[in-house]
Engineer: 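Before I ask anything, here is the structure I am working with.
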Amino acid sequence: MSPVPADISSLLSLITNAATSIESYYKSNSSKPYVPSLDDTEPHPLDAEVYPLSVRKAVQTLEGACAQLTATLVRPNSTVVNKHLRIYDTACLGVALRAQITDILLNEPHGLHVSKISKRCKIEQNKLARVLRTLCSQHVYRELSKDVFANNRLSMLLLSTSPMADMGMHMSDEPTNKSAVQLADTLLDPEWGYSDALEKAPFNRAFNEPYSIWHYFEGKEGNKKAAEQGARFGRAMNAWSAALDADAIVTGYPWNKLRPGAVINDVGGGWGHISMELYKKYPSLSYVLQDLPERTEQAQREAWPTQCPEAIANNSIKFKAIDLIKEPPVPNCDIYLFKNVIHLMPDEAATLVLSNVRKVMSPSSRVLVQETIIQYAARIPDDDVALQQAEPPLLPNYGAGRIRQYYTDAAMMVLHNSQERTLEDYITLGKTAGLQFLKTWDLGEMSAVEFAPTGYPNGNYMSPVPADISSLLSLITSAATSIESYYKSNPTKPYVPSLDDTEPHPLDAQIYPLDVRKAVQNLEGACAQLTATLVRPDKTVLNKHLCIYDSAYLGVVLRAKIAEILLDKPQGLHVSDISEQCKIEKRKLARVLRTLCSQHVFREVAKDVFANNRLSMYFLSTTPLGAMGMHVSDEPTNKSAVELADTLLDPEWGHSDALEKSPFNRAFKTPHPMWHYFEGKDGNQKAAEQGARFGRGMAGWSAVIDADAIVTGYPWDKLPKGAVVNDVAGGWGHTSMELYKKYPNLSFILQDLPERTEQAQTEAWPTECSQAIARNKIKFRSIDLFKESPVANCDIYLIKNVIHLMPDDVATLVLSNVHKSMSPTSRVLIQETIIQYAARVPDDDVALQQAEPPMLPNYGAGRIRQYYTDAAMMVLCNSQERTLEHYIVLGKAAGLRFVTTWDLGEMSAVEFAPAAL
């Protein structure tokens, strides 16, 4: 396939037009005619409104186009690793919810210092600040000044009394978190993966339950914890319904065209929320509510008498219990409304329920199934679509703009072994049950599928401070233009490759110039901030809760080696062919792939035909990033991340800095740190294999974070000829090799544990950099950093990605040992991530340049990997990334004086001299 350049200008135009439309809608509001900033904690009148369909489409366009623009312009390995690392979002949200941080910060507009928050929630203050800063960087909470945190527009939805908080707890806590971990194992199981039985879900595998999750939620056999989780789930569904605009059916269907007295049967309608809303708007209609006996009894005795007594007084509502599987509903109703019922059932049960309805329909009766209609990620003829497709170059299903339809489907798969369906699926169900399809009603997020009885005519009775949007748009346009210009300057391929391109671009493996790296961070940060500002808060927060399914799905495609199966198949393969090779049931596999396609990983070429794309090529098992993805989505990371909240809230473990008191240790019940586990001690071959995989994954990680930027980002050329660089704990010496290749006049020493230096001396350097050995420019010396000092009087002691693995007392010991060997002119370079505050601080007080307002000063999503890295340290090692102040304190305790920082784009280097000078 000949390469097609990406259409950047069209994406920028879509973003600008959509943002302008949404802003205009806000400005038309009489009470608050502006878009509230993310710092505003007061609700806006439009927050609880169902937007007009045109505005809902603008929101979806904005989310989809921003996600597609960043996926197109950001280096692919950076985008892919961010998707893997979203597992830590769920873990951090779980901590904030369990500790009720929003409640603590309520009525504290000036914020609270983390020490005060810590006293109230009992989480160690340093770890708590790291969790909150990760969330602040994604616009949940805000950091007003160093370590002072406050609520904001999004965090208010995490109040413990909010249904959205219940939704977040449902996602980040049991049973969802442990169930999602089991998805890959379940789909790859020859029996479970091909079963449609409700009791064969990943949930059942995780909890050893022989019954469906509904039975579990009832708290049978005295399981009080499960009953509490069930009650919480019920409350969470209110937030879910609001975020998905479930009430849009009230205004999105022509109820006013029905005859007066027409009967609406709310089948499986719970306590009847939707019937109430319909009655309030259409009191001339009559209603029947049918559900299980306990639900209809609750509705009749509690809900309707208090919330809609006039309907009872007017005899407009009747209550009748039903078992949908065994009996038909009340006959001859005009409309049988099924809202979020059919998706809970396998095809056989759904067909039976719809057949029971068909038995009691009159010729003019209609069935309305209100659920999510799954759209293909492939563009298909307009005559063949259920819902309007997005404009090119957007994905036809709006990509990230409608990602919740795929997350909903993921929830069905993980918890119920059920599914959301395509329009074709609904038509097939209806036809089998004796119903003919009439049309779909586009409700923006959800949809309604309308059926009539087969064999009858269709009938004709119905046919604070405003947000600075312009500055964000300007930042996006400017950054996109800068990145596009950089691509166009490449002599080999002078264009930005489209996401459909599977051939590597020459710039993919390059370290971008620092100004381009900053443009990338501006683009990612501004796009994320723009969508967080303009999209209704509940939708944004719900997406953050639901990202737990991203990690589960990525784990499936990695374990099944889907990218390999699709290699050299530019026209793609039908899912049935992929299924034969990977042994995952084809319908479930298609649902996994379509969710990822909607986030630009893989592409759907035609219905159920999938192919690789620019991002999915990084999922090949032979790539280091493929190994990194497996490390994050598989053991030990996935099961360790689940334990973060419990660990931090534990009075002993949460306040300990011991390496063996991490969530990893809690999950795997081991008294040793992860490195010991990875060595496969005690004959644990699985752990040893995971350790080897982690080693390969680190090569992918280093490439993403531009670890080699130290080679060009520090003035090595200013060192005197023959200056000695000591690569302390440098493994087999990759950085030393790269430095030697660029600065062959320098001399190098590599020091690490005996087995590492031996491997470097006998294997790595003789094959990859033999000329350094021949010129006597490299020496190898083993060392135990905790017990001895490195070679004395070197010019530079380079310590790269070492200190962040250690608690403060150990780090101070190591740096003190280095200090003992330094001459007056020696320097220490610590190359790691410098954690930035999410609060804007005086420029004289910053380690790294802050982003332009109105962006977060730490670039928000543009530098989110620094916080994900810190989360990984917390979860797996009980260690941390550090702020500049923290490094300076460590250095001072070790007898070192801070000199300067070197901004390397993603990582940084902190330079120290002996304190005596």
Side-chain angles (χ1 to χ4, degrees), residues 18-51 55 58-59 62-63 66 93 96-97 100-112 117 132-133 135-145 148-165 168 239 242-243 464-475 525-545 837-840 851-861:
T20 302
S21 296
I22 301 166
E23 188 175 28
S24 296
Y25 176 58
Y26 272 89
K27 287 181 174 178
S28 68
N29 182 264
S30 57
S31 302
K32 293 185 176 181
Y34 57 85
V35 178
S37 81
L38 288 168
D39 295 343
D40 196 344
T41 57
E42 292 299 316
H44 191 280
L46 296 179
D47 290 348
E49 295 293 321
V50 177
Y51 292 0
V55 180
V59 168
L62 179 70
E63 290 181 296
C66 282
L93 285 167
L97 286 162
Q100 298 189 355
I101 301 298
T102 300
D103 300 62
I104 292 172
L105 295 175
L106 201 61
N107 301 320
E108 301 286 354
H110 301 295
L112 287 176
I117 307 172
L132 291 177
R133 197 165 288 122
L135 296 175
C136 287
S137 301
Q138 299 175 83
H139 310 289
V140 180
Y141 301 105
R142 58 189 179 120
E143 189 171 14
L144 299 182
S145 58
V148 175
F149 298 93
N151 278 319
N152 73 347
R153 185 158 159 75
L154 299 189
S155 72
M156 291 300 291
L157 293 175
L158 303 186
L159 272 172
S160 60
T161 53
S162 162
M164 187 58 78
V465 177
D468 189 352
I469 304 303
S470 61
S471 293
L472 288 171
L473 288 170
S474 178
L475 281 169
C527 280
Q529 189 164 331
L530 183 67
T531 54
T533 303
L534 285 174
V535 177
R536 211 173 64 190
D538 58 344
K539 295 177 182 288
T540 300
V541 172
L542 180 58
N543 277 7
K544 293 185 182 298
H545 291 320
Y837 295 99
R840 194 167 294 279
E852 294 179 40
M855 280 184 64
L856 287 175
N858 64 350
Y859 290 84

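None of these values were measured; they are calculated from a predicted model.
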Engineer: Nearest 0.5 Å, what's the CE-CG distance between Met855 and Leu530?
Structural biologist: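 Met855 atom CE to Leu530 atom CG measures 11.0 Å (nearest 0.5 Å).
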
Engineer: Test side chain to side chain contact (heavy atoms under 4.5 Å, CB included) on Leu106 and Met156 and set out the steps.
Structural biologist: CA-CA 8 Å; Leu106 201 61; Met156 291 300 291; 3.6 Å; yes

Engineer: Does any N or O in the side chain of Ser162 come within less than 3.5 Å of the main-chain N or O of Leu157, such that one atom is a donor and the other an acceptor?
Structural biologist: yes

Engineer: Is it the case that the side chain of Asp468 and the backbone of Pro854 share a donor-acceptor pair, with hydrogens and angles ignored and the cut-off at 3.5 Å?
Structural biologist: no

Engineer: What is the minimum heavy-atom distance between Ala861 and Ala528, and which atoms define it?
Structural biologist: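 So the minimum-distance heavy-atom pair works out to CB-CB, 3.5 Å.
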
Engineer: Check the pair Leu856 / Arg142 against side chain to side chain contact (heavy atoms under 4.5 Å, CB included), numbers first and verdict last.
Structural biologist: CA-CA 9 Å; Leu856 287 175; Arg142 58 189 179 120; over 6 Å; no

Engineer: With side-chain hydrogen bond (donor to acceptor under 3.5 Å, both in side chains) as the criterion, how do Ser137 and Asn858 come out once you've worked through the C-alpha distance, each side chain's angles and the decisive distance to 0.1 Å?
Structural biologist: CA-CA 7 Å; Ser137 301; Asn858 64 350; 2.8 Å; yes

Engineer: Side chains of Ser145 and Tyr837: is there a donor and an acceptor less than 3.5 Å apart?
Structural biologist: no

Engineer: To the nearest 0.5 Å, what is the distance between CG (Leu132) and OG (Ser155)?
Structural biologist: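 Separation between the atoms: 10.0 Å.
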
Engineer: Nearest 0.5 angstrom please: Tyr141 OH to Arg133 CZ, how far?
Structural biologist: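 Rounded to the nearest 0.5 Å, the OH-CZ separation comes out at 14.5 Å.
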
Engineer: Find out whether Leu46 and Tyr51 are in side-chain contact, i.e. whether some heavy atom of one side chain is under 4.5 Å from a heavy atom of the other.
Structural biologist: yes

Engineer: Hey, what do you get for OG1 (Thr531) to NZ (Lys539), rounding to the nearest 0.5 Å?
Structural biologist: 13.5 Å

Engineer: I need the single residue from Thr540, Asp47, Asp39 that forms a side-chain hydrogen bond (donor to acceptor under 3.5 Å, both in side chains) with Arg153. Which is it?
Structural biologist: Asp47

Engineer: Closest heavy-atom contact between Ala19 and Ile469?
Structural biologist: CB-CG2, 4.2 Å

Engineer: Can you confirm whether the side chains of Asp103 and Ser160 place a donor and an acceptor under 3.5 Å from each other?
Structural biologist: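 Asp103 vs Ser160: donor-acceptor pair found between side chains.
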
Engineer: Just wondering, more than 12 heavy atoms not from Glu852 lying within 6.0 Å of its CD?
Structural biologist: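 No - once you tally the heavy atoms of other residues, nucleotides and ligands closer than 6.0 Å, there are 12 at most.
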
Engineer: Mind running side chain to side chain contact (heavy atoms under 4.5 Å, CB included) on Leu158 and Ile101 for me, showing each step along the way?
Structural biologist: CA-CA 8 Å; Leu158 303 186; Ile101 301 298; over 6 Å; no

Engineer: Looking at every heavy atom in both Ala243 and Met164, which two are closest together, and how far apart are they?
Structural biologist: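 Looks like CB-CE, 4.3 Å.
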
Engineer: Of all residues at least two apart in sequence or in a different chain, which pass the side chain to side chain donor-acceptor pair (under 3.5 Å) check with Asn29?
Structural biologist: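 Applying side chain to side chain donor-acceptor pair (under 3.5 Å) to Asn29 gives none.
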
Engineer: Starting at CG of Leu534, measure out to CD of Gln529 and round the result to the nearest 0.5 Å.
Structural biologist: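 It is 10.5 Å, given to the nearest 0.5 Å.
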
Engineer: Is a donor on one side and an acceptor on the other found under 3.5 Å between the side chain of Lys27 and the backbone of Pro33?
Structural biologist: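 It does not hold such a pair.
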
Engineer: So which atom in Ala526 and which in Leu475 form the shortest heavy-atom distance, rounded to 0.1 Å?
Structural biologist: CB-CB, 4.2 Å

Engineer: Quick one: do Arg840 and Glu143 satisfy side chain to side chain contact (heavy atoms under 4.5 Å, CB included)? Show the steps, please.
Structural biologist: CA-CA 8 Å; Arg840 194 167 294 279; Glu143 189 171 14; over 6 Å; no

Engineer: State yes or no: are the ring centers of Tyr34 and Tyr26 separated by less than 6.0 Å?
Structural biologist: no

Engineer: Starting at CD of Glu49, measure out to NE2 of His44 and round the result to the nearest 0.5 Å.
Structural biologist: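 Result: 10.5 Å between the selected atoms.
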
Engineer: Looking only at heavy atoms, which two atoms of Ala532 and Leu38 are closest? And how far apart?
Structural biologist: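 Smallest heavy-atom distance, with atoms named: O-CD2, 3.4 Å.
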
Engineer: Identify the heavy atoms of Leu112 and Ile104 that sit nearest to each other, and give their distance.
Structural biologist: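 Heavy atoms of Leu112 and Ile104 come nearest at CD1-O, 3.9 Å.
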
Engineer: Check whether any side-chain N or O of Asn152 sits under 3.5 Å from a backbone N or O of His139 as a donor-acceptor pair, and report yes or no.
Structural biologist: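 Confirmed, Asn152 side chain pairs with His139 backbone.
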
